[in-house]
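First comes the structure, then the notes that go with it.
We're numbering straight along the sequence, starting at 1. Counting starts at 1 for both ligands and their atoms, in listed order. Values below: every heavy atom of this structure, side chains too, minus hydrogens, waters and symmetry copies.
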Amino acid sequence: MAKQYRVAVCGATGAVGNQMIGCLEERNFPISELRLLASERSRGKTLTYKGEQVPVQVLGQGSFKGMDVALFSAGGSTSEQWAPLAWKEGAVVVDNSSAWRMDPDVPLVVPEVNPQDIAQYKNKGIIANPNCSTIQMVVVLGPIHNLARIERVVVSTYQAVSGTGQKAIVELQDQLKALYEGRPVEHKVYPYQIAMNLIPHIDVFKDNGYTKEEMKMVLETQKIMGDSSIKVTATCVRVPVVYGHSEAVNITTARQISPEDVRRVLAQAPGVKLVDDPANKRYPMPLEAAGQDLTYVGRIRQDISQERGIDLWLVADNIRKGAATNAVQIAEILTRDYL
Ligand code: NAP
Ligand code: 3JN
């Protein structure tokens, strides 16, 4: 019988944690024991895995004893504190927060792009999962970089509210209902009404005028692609969509390539679905990509403002490929090749 693994999910009651449990089940991850962890607030709760009710345990000393792998999605401060302890207790951590992403000893992995970096898990027992907006972009840019070396990326994102968690989904739904019923619109999660609006502000502002989300896209892209010479600039925008982040991406390559070259390489690329037939109104949209694990790409065209420029439009499910699926894919390679 194939080897089975003891897996912990830390942050199991959250939007991402819940999807992680779903992905483990859908992908038939070889699990002999599943341990679900959350905060004191979840004491007494149970969650469903393969039709069984699994009790949620409160995170504490000993939570990772006997575990082989721990998938974390309980926020940066929990990861900072508990990931090293999980490794000490014997579990390799796949962490969804930004806490460890830029640590030079911690691999930052998108399986379609740099699976070989998983081997570095031995440094600290932690593998970092990138930010959702970075993941879907590098799935598409990786193969193009291999073809013609990308020198510069200019990206604008259109990010769904589910990236902020369950409470933001409820806020958008409540606001739409209030507007429809002619009642005053309230907002708590975002600094402004998000229904019928968009907000060019994700995570906190930094001294250089960029937001932290935008700087994550810059630094994480360079680390995953293993090339700090790639210039990246990003503008991240929250839009009133529930699932599916979209991105308008403009790239400059070292040598000129045609849109057809890009289509050819992306048609073969793992994790990519080409939807690029404007004559028949076929282009990626969040409603189509939601619930899927592939990154949809279309609107591929020559940038008319420069010879070595290409424009693309990408969409992926931010909770699946942007978070849970990517983490489970990392765990699959880790267990198959290293544990
Ligand atoms: P969420 O719905 O608010 O869920 C948070 C989860 O963390 C819950 O299970 C919560 O447990 C648990 N938690 C919080 N504080 C804890 C503590 N002190 N000890 C133990 N468990 C604790 O948030 P989410 O949307 O799932 O996101 C969770 C995290 O995933 C984010 O903070 C972020 O770091 C990461 N994330 C990454 C991406 C990405 O781009 N890759 C996208 C979204 C999120 P209770 O239910 O008991 O409170
Ligand atoms: O806003 C989005 O669309 C993605 C959000 C990601 C996120 C949310 C809270 C904390 C992160 C992340 O993964 O970068 C973090 C974090 O910094 O851990």
Side-chain angles (χ1 to χ4, degrees), residues 8-23 35-47 55-61 63-64 70-83 85-86 93-102 108-110 127-138 157-170 189-190 194 199-204 211-217 219-220 224 234 236-239 241-247 286 316-330:
V9 178
C10 178
T13 51
V16 175
N18 231 292
Q19 185 59 58
M20 282 172 167
I21 299 167
C23 288
R35 189 173 293 172
L36 303 181
L37 302 163
S39 80
E40 192 60 49
R41 291 178 289 273
S42 298
R43 189 180 283 285
K45 280 190 189 163
T46 58
L47 294 167
V56 177
Q57 301 180 22
V58 177
L59 173 65
Q61 293 287 342
S63 284
F64 303 97
L71 306 179
F72 270 61
S73 66
S77 54
T78 304
S79 295
E80 229 165 275
Q81 184 186 350
W82 288 95
L85 288 161
V93 172
V94 181
D95 181 36
N96 237 298
S97 82
S98 59
W100 299 95
R101 287 180 193 150
M102 295 316 297
L108 181 65
V109 176
V110 174
I127 303 165
N129 196 73
N131 177 269
C132 41
S133 301
T134 311
I135 292 175
Q136 67 183 69
M137 185 166 81
V138 299
T157 70
Y158 306 66
Q159 297 184 216
V161 296
S162 53
T164 317
Q166 195 57 36
K167 57 197 180 310
I169 300 177
V170 172
V189 176
Y190 295 118
I194 183 69
I199 305 174
H201 169 187
I202 300 183
D203 210 330
V204 294
T211 63
K212 198 172 164 197
E213 184 83 353
E214 289 159 356
M215 290 311 296
K216 285 173 189 170
M217 291 194 78
L219 300 171
E220 293 177 18
I224 298 160
C236 291
V237 182
R238 187 73 65 196
V239 299
V241 165
V242 178
Y243 293 105
H245 285 4
S246 304
E247 298 176 355
D317 187 316
N318 51 302
I319 300 296
R320 292 185 68 104
K321 183 56 187 168
T325 306
N326 198 71
V328 172
Q329 284 176 306
I330 292 170

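- Without hydrogens or angle criteria, N96 side chain to A128 main chain gives no donor-acceptor distance under 3.5 Å.
- Of the N or O atoms in G163, none lie within a sub-3.5 Å distance of an N or O in ligand 1.
- Backbone and side-chain nitrogen or oxygen atoms of A15 are examined, and one is located within less than 3.5 angstrom of a nitrogen or oxygen of ligand 1.
- Shortest contact from atom 5 (C) of ligand 2 to any protein heavy atom: G163 O, 3.3 Å.
- The two residues S73 and V16 have their closest heavy-atom pair at CB-CG1, 3.7 Å.
- Residue S42 places at least one N or O, backbone or side chain, under 3.5 Å from an N or O of ligand 1.
- In I202, the part holding a heavy atom less than 4.0 Å from any atom of ligand 2 is the side chain.
- When only modelled atom types and interatomic distance are considered, T164 and R238 share a side-chain donor-acceptor pair under 3.5 Å.
- Shortest contact from atom 6 (C) of ligand 2 to any protein heavy atom: N131 ND2, 3.9 Å.
- Contacts of S98 with ligand 1, taken as heavy-atom pairs under 4.0 Å, are absent altogether.
- The protein heavy-atom contact nearest to atom 16 (C) of ligand 2 is S98 OG, 3.3 Å.
- Taking 4.5 Å as the limit, some side-chain heavy atom of K212 sits within range of a side-chain heavy atom of S98.
- Heavy-atom contacts of C132 reach the following atoms of ligand 1: 39 (C), 40 (O), 41 (N) (cutoff under 4.0 Å).
- Counting heavy atoms under 4.0 Å from ligand 1, residue L59 touches it through the side chain alone.
- Closest of all the heavy-atom pairs between A324 and C23 is CB-SG, 4.1 Å.
- Proximity of a side-chain donor or acceptor of S97 to a complementary backbone N or O of A99 within less than 3.5 Å is detected.
- Protein heavy atoms all stay at least 4.0 Å away from atom 10 (C) of ligand 2.
- One option in S77, G75, S63 has a heavy atom closer to atom 31 (C) of ligand 1 than any other, and that option is G75.
- F72 CZ to F64 CZ: the interatomic distance, rounded to the nearest 0.5 Å, is 3.5 Å.
- The protein atom (non-hydrogen) at minimum distance from atom 4 (C) of ligand 2 is C132 SG, 3.4 Å.
- Closest protein heavy atom to atom 44 (C) of ligand 1: V16 CG2, 3.6 Å.
- For the atom pair CD of Q57 and CZ of R43, the computed distance is 10.5 Å after rounding to the nearest 0.5 Å.
- The shortest N or O to N or O distance between A323 and ligand 1 is not under 3.5 Å.
- Between V56 and T46 the shortest side-chain heavy-atom distance does not fall below 4.5 Å.
- Protein heavy atom in closest approach to atom 14 (O) of ligand 2: K216 NZ, 2.6 Å.
- Remark: ligand 1 and S39 share an N or O pair separated by less than 3.5 Å (distance only, no angle test).
- Considering backbone and side-chain atoms alike, T164 places every N or O at 3.5 Å or more from each N or O of ligand 2.
- With hydrogens and angles ignored, the 3.5 Å screen pairs a side-chain donor or acceptor of Q136 with a backbone N or O of H245.
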> What's the verdict on side chain to side chain contact (heavy atoms under 4.5 Å, CB included) for Y190 and V161, showing C-alpha distance, side-chain angles and the deciding distance?
Replying inline: CA-CA 10 Å; Y190 295 118; V161 296; 3.6 Å; yes
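- For atom 28 (C) of ligand 1, the closest heavy atom belonging to the protein is S73 O, 3.2 Å.
- Taking CD1 of I330 as the start and CG of L71 as the end, the distance is 9.5 Å to the nearest 0.5 Å.
- At least one N or O atom of R41, backbone or side chain, sits closer than 3.5 Å to an N or O atom of ligand 1.
- Only one option out of E214, E213, E220 pairs with K216 in a salt bridge (charged side-chain N to carboxylate O under 4.0 Å, His left out); it is E213.
- In this model, a donor atom of one side chain and an acceptor atom of the other lie less than 3.5 Å apart for S162 and N318.
- Residue, atom and distance of the protein heavy atom nearest to atom 7 (O) of ligand 1 are A74 CA, 3.2 Å.
- Taking every heavy atom of both residues into account, N326 and P130 meet most closely at ND2-CD, 3.8 Å.
- The proximity of N129 to ligand 1, defined as any non-hydrogen pair under 4.0 Å, is limited to the side chain.
- Not a single heavy atom of N129 sits closer than 4.0 Å to an atom of ligand 2.
- Ligand 1 places these atoms under 4.0 Å from at least one heavy atom of G322: 39 (C), 40 (O), 41 (N).
- Ligand 1 has a nitrogen or oxygen under 3.5 angstrom from a nitrogen or oxygen of N96.
- Between the side chains of D203 and T211, not a single donor N or O lies within less than 3.5 Å of an accepting N or O.
- Nearest to atom 3 (O) of ligand 2 by heavy-atom distance, out of H245, M217, E80, is H245.
- Taken from SG in C10 to CG in L59, the straight-line distance is 4.5 Å, to the nearest 0.5 Å.
- K167 NZ, 4.8 Å is the protein heavy atom nearest to atom 3 (O) of ligand 1.
- Looking at atom 18 (N) of ligand 1, its nearest protein heavy atom turns out to be T78 OG1, 3.7 Å.
- With a 4.0 Å heavy-atom cut-off, ligand 1 is reached by the backbone of T13 and by its side chain too.
- For S79, no heavy-atom contact with ligand 1 is shorter than 4.0 Å.
- With respect to atom 4 (O) of ligand 1, the closest heavy atom belonging to the protein is G14 CA, 3.1 Å.
- Residue contacts with ligand 1: G11 is placed with a nitrogen or oxygen under 3.5 Å of a nitrogen or oxygen of the ligand (distance criterion only).
- Protein heavy atom in closest approach to atom 1 (O) of ligand 2: R238 NH2, 2.6 Å.
- Residue E220 does not touch ligand 2, judged by heavy-atom distances below 4.0 Å.
- The protein atom (non-hydrogen) at minimum distance from atom 25 (O) of ligand 1 is G165 CA, 3.6 Å.
- Looking at D203 next to ligand 2, no N or O pair under 3.5 Å apart turns up.
- Residue N129 holds its CG atom at 6.5 Å from CE of M20, rounded to the nearest 0.5 Å.
- In this structure, the separation between OG1 on T325 and CD on Q19 is 6.0 Å, given to the nearest 0.5 Å.
- Heavy atoms only, all atoms of each residue included: V239 and I194 are closest at C-CD1, 4.0 Å.
- A side-chain donor-acceptor contact under 3.5 Å links T78 to the backbone of A74.
- Ranking protein heavy atoms by distance to atom 13 (O) of ligand 2, first place goes to R101 NH2, 2.6 Å.
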